[in-house]
Every structure is written in C-alpha cells, then in structure tokens.
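In what follows, a structure is listed as structure tokens, so that the remarks can point back to it.
Throughout, residue positions are numbered sequentially from 1 according to the sequence presented. The structure presented is a predicted model; accordingly, all values stated were derived computationally and were not measured.
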Amino acid sequence: MAYTIIDSHTHVYPDKIAQKAANSIGQFYDIDMGLDGSISTLLRVMEESGVSKSLICSAALTADRVGNINRFIAETVAAHPHQFMGLMTLHPHMENPGAEVEQAMKMGLKGVKLHPDMQKFALDDPICDKMYAACEGVCPMLLHTGDKRFHYSNPDMVPRILKKFPRLTLICAHMGGYSEWDAAAKCLADTNVYVDCSSTFFALDKEKVLDLFRLFGEDRILFGSDYPMWHMGEEIKTVLSLGLSDTALNKIFNGNILKILP
C-alpha cells in the first residue's frame, strides 16, 4: 500500500549557512551529519523518499533572531507551498511572544518549535509562561524534550506545563525524550501530548521502539526524520518494518499531524 507521508520534524537554513548550521548540530549531538540542511537538499531527499510535504523549522538561539528566522521560514513555505509547512520560533527573553505568534500565523506559519537545550532555558521556567499563554488554544508547539546531558528539557517538566495551560497542544519530539526514553514513558504516557519518532531509531532496538509505539498509541505518534540529522527514506523504512497496521501507518504518516495543525 502507498502512503501519503508528511515529515513532521525537519530543519532548514539559508544556503549560505546551511552546511555550517548542520555541522554545528552534529557537533552538539556528536553525530556525523550526512546532509547539509539546505532547502534544495531537503527537496531532493523528499522526492527520493516519497515524502509529499515537510514541516520545517529553525530555533532562535537569542531573542533578537526570532523575527528574521520566522520570515525566512515563511518565505521558504511561500516559495514551496506544495512541499512545505512551517513552524515559527520563539524565545523566552523576547518582549511580546503573543504579537510574534499573531504575525507569524498571518505569514502562514502553523505553530511553534522550541529547543530548550540549544536555547538554554528550562521548559518549566516561569519566564516561558508568556509563550505558552500565547499558544494555548491557538497553535501547537513542538518541543525538543529530553537529553541526559542537560536539565533544560526533562520530560518531567511537561505535565507541570499542561497543568498550568491545559488547552496547550504539545508535540514532544523524539518519542518524548531524546536519550531519556524511560523518563518520557513514565511522565508522558498518561498525558494528552503527541510525540514524534525523530532521532529515536538510531539509539533503540526494535523491541524498545515497539514498546514506545504501543505505549503512546497510533493516535498520538507523528512521523519525523529530524532532517538533516537523518535521511527520511531510512527512517520511513524503519517505521514500515515495525509491522503496524495500514490504519496506524496512515495516522502516523499524515493523519495525526493534519489533525493537529490549525
């Protein structure tokens, strides 16, 4: 059976800095990057892999970069409307995230991506509340969650956020906790968060992956590759190898993300 596939977690950068940005990510995670993070490479890999659309994003490491990054993502989506959807970035030190959310959505962006480990803020720091308030009931947020090297994105912070902002739609990347999958399973299984499967398969065996898929369920999992970290074609092969039903695969590959986006 052929599936319509949407990659719900990809990163892109302007051509002049794409390779440098990809190398920086590789150094951050101590992973060899096989792809350069450029728009043209993403489009090529999508065609090779049978992916019809990608959700693109890029995180602002400082508050003053938010506007420029969001314009770049919006312009990229506008140039390739059939291939891309976009997420904006925010930063807790910016003055008015609500105004930025409103402006970015007018430019066609669909939600927010935060990477607390790179942006260096704790997910449950009260300084973040204004970002969550701006998005609650308005648009989804894709959060990098989990990294045993840092405290910023621990999965156990997520239930505390949801208690304060119960109408917030959260997608916790990397099956809820990059390198902290057990903590994610413990903290997030009984919440209403979605998870994506990006940057997970390289570290876990098939049985552990299946345990996480069963735990979160077919209605809460999104396909994501974390391009340029991984080739989406190989990630798709892994999902297809899990023995999931056609119904589950259709939800994971496209149905769940289309249900989430405004």
Ignoring hydrogens and geometry beyond distance, is a side-chain donor-acceptor pair present between [X] and [Y] at under 3.5 Å?
X	Y	value
Ser241	Thr238	no
Asp147	Ser153	no
Asp125	Tyr152	no

### Query
Is the backbone of Gly176 close enough, under 3.5 Å, to the side chain of Thr145 for a donor and an acceptor to pair up by distance?
yes
### Message
Donor-acceptor check, side chain of Thr89 to backbone of Ala60, threshold 3.5 angstrom: yes or no?
### Response
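Yes, the answer is positive, given that a donor and an acceptor are paired below the 3.5 Å cut-off.
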Tell me, do [X] and [Y] make a side-chain contact under 4.5 Å, heavy atoms counted?
X	Y	answer
Cys139	Val101	yes
Trp230	Ile31	yes
Met229	Asp32	no

### Message
Taking the ring centre of each residue, are Phe84 and Tyr227 less than 6.0 Å apart?
### Response
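No, too far apart.
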### Query
So does Asp182 pair up with Lys208, basic N to acidic O under 4.0 Å?
yes
### Short N-O contact, Asp219 and Lys251, less than 4.0 angstrom
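Salt bridge present between Asp219 and Lys251.
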### Query
CZ/Phe121 to CG/Leu114 distance, rounded to the nearest 0.5 angstrom?
4.5 Å
### Task
Please state whether the rings of Trp181 and Phe202 are parallel, tilted or perpendicular, taking 30° and 60° as the class boundaries.
perpendicular
### Message
I'd like to know whether Arg65 forms a side chain to side chain donor-acceptor pair (under 3.5 Å) with Asn68, so could you lay out the CA-CA distance, the side-chain angles of the two residues, the decisive distance to 0.1 Å, and finally the verdict.
### Response
CA-CA 6 Å; Arg65 301 182 194 181; Asn68 285 339; over 6 Å; no
### Task
Identify whether NZ of Lys or CZ of Arg in Arg160 sits under 6.0 Å from the centre of the six-membered ring of Phe165 and within 45° of that ring's axis.
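Output no; distance or angle outside limits.
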